[in-house]
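Down below is the structure, laid out as structure tokens.
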Amino acid sequence: MPELPEVETVRRGLLTSLVGETIERVEILRRDSIAFPSPKEFAKLLPGHSFSNISRRGKYLLFELSNEAGLAVHLRMSGRLLLTDQDKGDGKFLRVRLVLNNRQELRFEDMRVFGRLWYVHPRSSFEEVIPTLKTLGVEPLEGLSAQTLRSLFKNRSQSIKSALLNQQIIAGLGNIYADESLFGARIHPLRPANTLTLAEIRGLATEIEKVLSKAIALGGSSLRDYTDSRGVNGNYQNDASVYGRHGQSCRVCGNSIKSLRIVGRRSTFCPICQEG
DNA sequence: GGCTTATCCTGGGCGC
DNA sequence: TGCGCCCAGGATAAGC
């Protein structure tokens, strides 16, 4: 499932090959995938625009288009953006097709149909169309300091795992990298966020940055549905310490990796290394 | 305001 | 073989 490293990998992959290209035609195969405006308007408004830049905020991909219009994409759990030749056969889960002027097309595939696309009018902004963008927390790769984290956790009695998944605190972390960061910092996922010491928070901030940077360098994780914009799998899953390793031996202490449900999400951890 | 829970959605895995 | 159930999880609304 795409988290910050996977979204960033897609962004970097598309940036080199998509900027400068023009959208000629839009085909919507699943109306649910279009969040704004209506699917009919979406297909009518995008053609003629060219891509001028691609940025990222949390797990949102933000495409800046010509004439100051925009296109936003959230991959959610199983979304993929694939840049392919037009004559290549369609995948089973193709939802939206953006046909380009260079015999290629940008395809949005999404098995679970949770992912969404937004068109942003020239006189509007990404934040106006997607109000959630205004509520997103700090970007973990832009200088995540222990002091910042401490103030964010100060009044939070919820578990640290729950806090890390809260996009209003840190933007971009999901289940995989929250579990991996907590393992690296040796913190139990059920510890209330406001009970962490400054030393623990410092360790956690370091681990978050380390885990995310390493995952980006390895092209993300491909534990289930994710590939990059060329359909290539990431490699981080081979390096995961706890995620997806329930019942296996901890790489540090050798004890069995456990899992439990926290706020509806499976959390995987080592009960020995993450005792406190 | 903080926090948890239910909901959306679909394919894969498993048991019978 | 076929059926039914459970699980995975990001964002959001609803409820406490």
Side-chain angles (χ1 to χ4, degrees), chain A residues 1-8 10 28-36 56-62 72-81 90-96 108-118 126-127 129-137 139-140 151-182 189-196 212 215 220-227 233-234 236-237 240 242-247 257-269:
Chain A
M1 54 299 299
E3 300 181 29
L4 189 153
E6 290 76 32
V7 177
E8 180 62 20
V10 171
I28 297 166
L29 293 94
R30 178 87 183 208
R31 294 169 58 85
D32 297 349
S33 298
I34 309 301
F36 182 85
R56 178 190 57 74
R57 180 74 174 99
K59 299 172 195 169
Y60 288 84
L61 273 169
L62 308 174
V73 178
H74 197 306
L75 303 173
R76 292 280 187 102
M77 283 187 62
S78 56
R80 295 179 189 179
L81 280 173
D90 291 348
K92 190 178 172 186
F93 307 113
L94 178 63
R95 308 303 185 197
V96 181
F108 177 67
E109 296 186 353
D110 188 13
M111 183 183 82
R112 292 188 174 95
V113 205
F114 277 7
R116 293 291 183 267
L117 284 75
W118 296 258
F126 286 110
E127 287 76 15
V129 175
I130 311 169
T132 305
L133 286 173
K134 288 184 279 194
T135 71
L136 290 179
E139 280 289 333
S151 66
L152 290 168
F153 292 156
K154 193 178 167 188
N155 296 317
R156 301 275 179 178
S157 60
Q158 64 186 154
S159 67
I160 184 63
K161 175 63 185 289
S162 178
L164 290 181
L165 293 179
N166 185 343
Q167 300 300 297
Q168 296 179 25
I169 299 175
I170 301 173
L173 273 189
N175 212 27
I176 299 174
Y177 301 111
D179 279 358
E180 292 297 308
S181 301
L182 286 171
L190 280 176
R191 272 279 297 282
N194 59 3
T195 67
L196 266 59
L212 293 178
S221 300
S222 293
L223 285 161
R224 285 192 174 79
D225 307 305
Y226 166 79
T227 68
N233 285 341
Y236 184 85
Q237 70 278 6
V242 285
Y243 190 88
R245 300 194 65 243
H246 172 76
I257 299 292
K258 304 290 183 194
S259 72
L260 50 84
R261 260 186 122 67
I262 302 173
V263 288
R265 300 289 171 264
R266 180 157 295 277
S267 287
T268 319
F269 65 103

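So that the names make sense, note that chain A is the first sequence line, chain B the second, and so on, each numbered from 1. Note that the coordinates shown come from a computational prediction; the quantities given were computed from them, not determined experimentally.
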Bend angle of the helix from B:dG2-C:dC16 to B:dC16-C:dG2, from helix axes over five pairs at each end, nearest 10°: 50°
Ion pair check, A:Glu109 and A:Lys92, cut-off under 4.0 Å: no
Separation of C:dA11 P from A:Leu75 CG (nearest whole Å): 11 Å
Below 4.0 Å: OP1/OP2 of C:dA11 and any side-chain N or O of A:Thr132: no
Distance in angstrom units between A:Lys161 NZ and B:dT4 P, rounded: 13 Å
Distance in angstrom units between A:Leu4 CG and C:dA11 P, rounded: 11 Å
Working for salt bridge (Lys or Arg N to Asp or Glu O under 4.0 Å), residues A:Glu127 and A:Lys134: CA-CA 6 Å; A:Glu127 287 76 15; A:Lys134 288 184 279 194; over 6 Å; no
Protein-nucleotide distance (A:Ile176, atom CD1; C:dG10, atom C1'), rounded to Å: 12 Å
Quiz item: A:Arg116 side-chain donor-acceptor pair to C:dA11 base, under 3.5 Å: no
N or O in side chain of A:Lys59 less than 4.0 angstrom from C:dA11 OP1/OP2: yes
Separation of A:Asp179 CG from A:Ile257 CD1 (nearest 0.5 Å): 10.0 Å
Given C:dC7, B:dT4, C:dA11, the nucleotide with the shortest approach to the side chain of A:Arg76: C:dA11
Touch class at under 4.0 angstrom, heavy-atom based, for A:Arg156 against every strand present: sugar-phosphate
Expected output: side-chain A:Gln167 to main-chain A:Gly172 donor-acceptor under 3.5 Å: yes
Residues A:Trp118, A:Leu62; criterion side chain to side chain contact (heavy atoms under 4.5 Å, CB included); working and verdict: CA-CA 10 Å; A:Trp118 296 258; A:Leu62 308 174; over 6 Å; no
Residue-phosphate contact under 4.0 Å: A:Ser162 side-chain N/O, B:dT4 OP1/OP2: yes
A:Glu8 CD to A:Leu212 CG distance, which is reported to the nearest 0.5 Å: 10.5 Å
Phosphate-side-chain proximity, A:Arg265 and C:dA8, N/O vs OP1/OP2 below 4.0 Å: no
Considering all heavy atoms, the nearest A:Ser157-A:Pro192 contact: O-CB, 3.6 Å
Contact under 4.0 Å: A:Gln167 side-chain N or O vs C:dG10 OP1/OP2: no
Near-parallel close stack of A:Phe114 and C:dG10 base (under 5.5 Å, under 30°): yes
